[in-house]
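Predicted model only: the values in this text are computed from it and were never measured.
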Amino acid sequence: MATPWHASTRPHTAPTGDPKTGEIRVPLDLYCVDRPQGPADLVLSRTEAEHLYAALSYQLTRTSAGGPRLAMEAV
C-alpha cells in the first residue's frame, strides 16, 4: 500500500558534512499528500552515505541508457 508521505530536498539548502565524524546531513522537507508538514534532516554516517551514493549512482547509470528514469530532477 502506498503511503501519502514523502520527503524532498529542501530548496536552496545544500547537504553538509562533519569532517571530524564523517557524518552527512541532508536537509529535507516532509510532505503529506503534497502539503508541507515540516523540516527533517536525513543524518547518515560516512559509510551509510557511501552506500546510498553507490546505490543511487548505480540506478542513475542503469536508467540513463534509455530505460526508466528516476525522479531526481529536483535534487
Side-chain angles (χ1 to χ4, degrees):
M1 178 175 192
T3 177
W5 287 86
H6 70 276
S8 294
T9 54
R10 197 171 305 144
H12 314 295
T13 308
T16 59
D18 183 328
K20 292 180 185 173
T21 65
E23 176 183 277
I24 305 295
R25 185 174 297 270
V26 182
L28 302 173
D29 285 328
L30 296 177
Y31 293 86
C32 182
V33 190
D34 294 331
R35 280 179 267 185
Q37 300 298 306
D41 288 349
L42 173 61
V43 181
L44 303 166
S45 69
R46 179 172 181 84
T47 301
E48 291 169 329
E50 288 171 347
H51 289 171
L52 178 58
Y53 177 79
L56 291 172
S57 295
Y58 170 76
Q59 289 298 325
L60 289 168
T61 301
R62 189 173 72 88
T63 60
S64 67
R69 302 288 303 193
L70 286 177
M72 297 289 289
E73 291 78 23
V75 174

Legend entry - Minimum side-chain heavy-atom gap Leu28-Thr9 below 4.5 Å: yes
Inset, instruction - Just grab all the ring-ring contact (aromatic ring centres under 6.0 Å, His included) pairs involving residues 6-36, residues at least two apart or on different chains. - result: His6-Tyr31
Legend entry - Val43 reachable from Ile24 in the ILVMFWY side-chain graph, under 4.5 Å edges: no
Legend entry - side-chain hydrogen bond (donor to acceptor under 3.5 Å, both in side chains) involving Asp29 - partner list, sequence neighbours excluded: Arg10
Legend entry - Nearest atoms (heavy-atom pairs only) where Pro15 meets Pro27: CA-CD, 3.9 Å
Inset, instruction - Sort and list the pairs that fulfil side chain to side chain donor-acceptor pair (under 3.5 Å) and have at least one residue in residues 49-58, not counting sequence neighbours. - result: Arg46-Glu50
Inset, instruction - Using modelled atom types only, decide if a donor and an acceptor are shared between the side chain of Thr61 and the backbone of Gln59 within a distance under 3.5 Å. - result: no
Legend entry - Shared hydrophobic cluster for Leu30 and Leu42 (ILVMFWY, side-chain gaps under 4.5 Å): no
Legend entry - Set of side-chain contact (heavy atoms from CB on, under 4.5 Å) partners for Thr16, sequence neighbours left out: Arg25
Side-chain donor-acceptor pairs of residues 32-40 under 3.5 Å, sequence neighbours excluded:
from, atom 1, to, atom 2, distance (Å)
Gln37, NE2, Arg35, O, 3.1

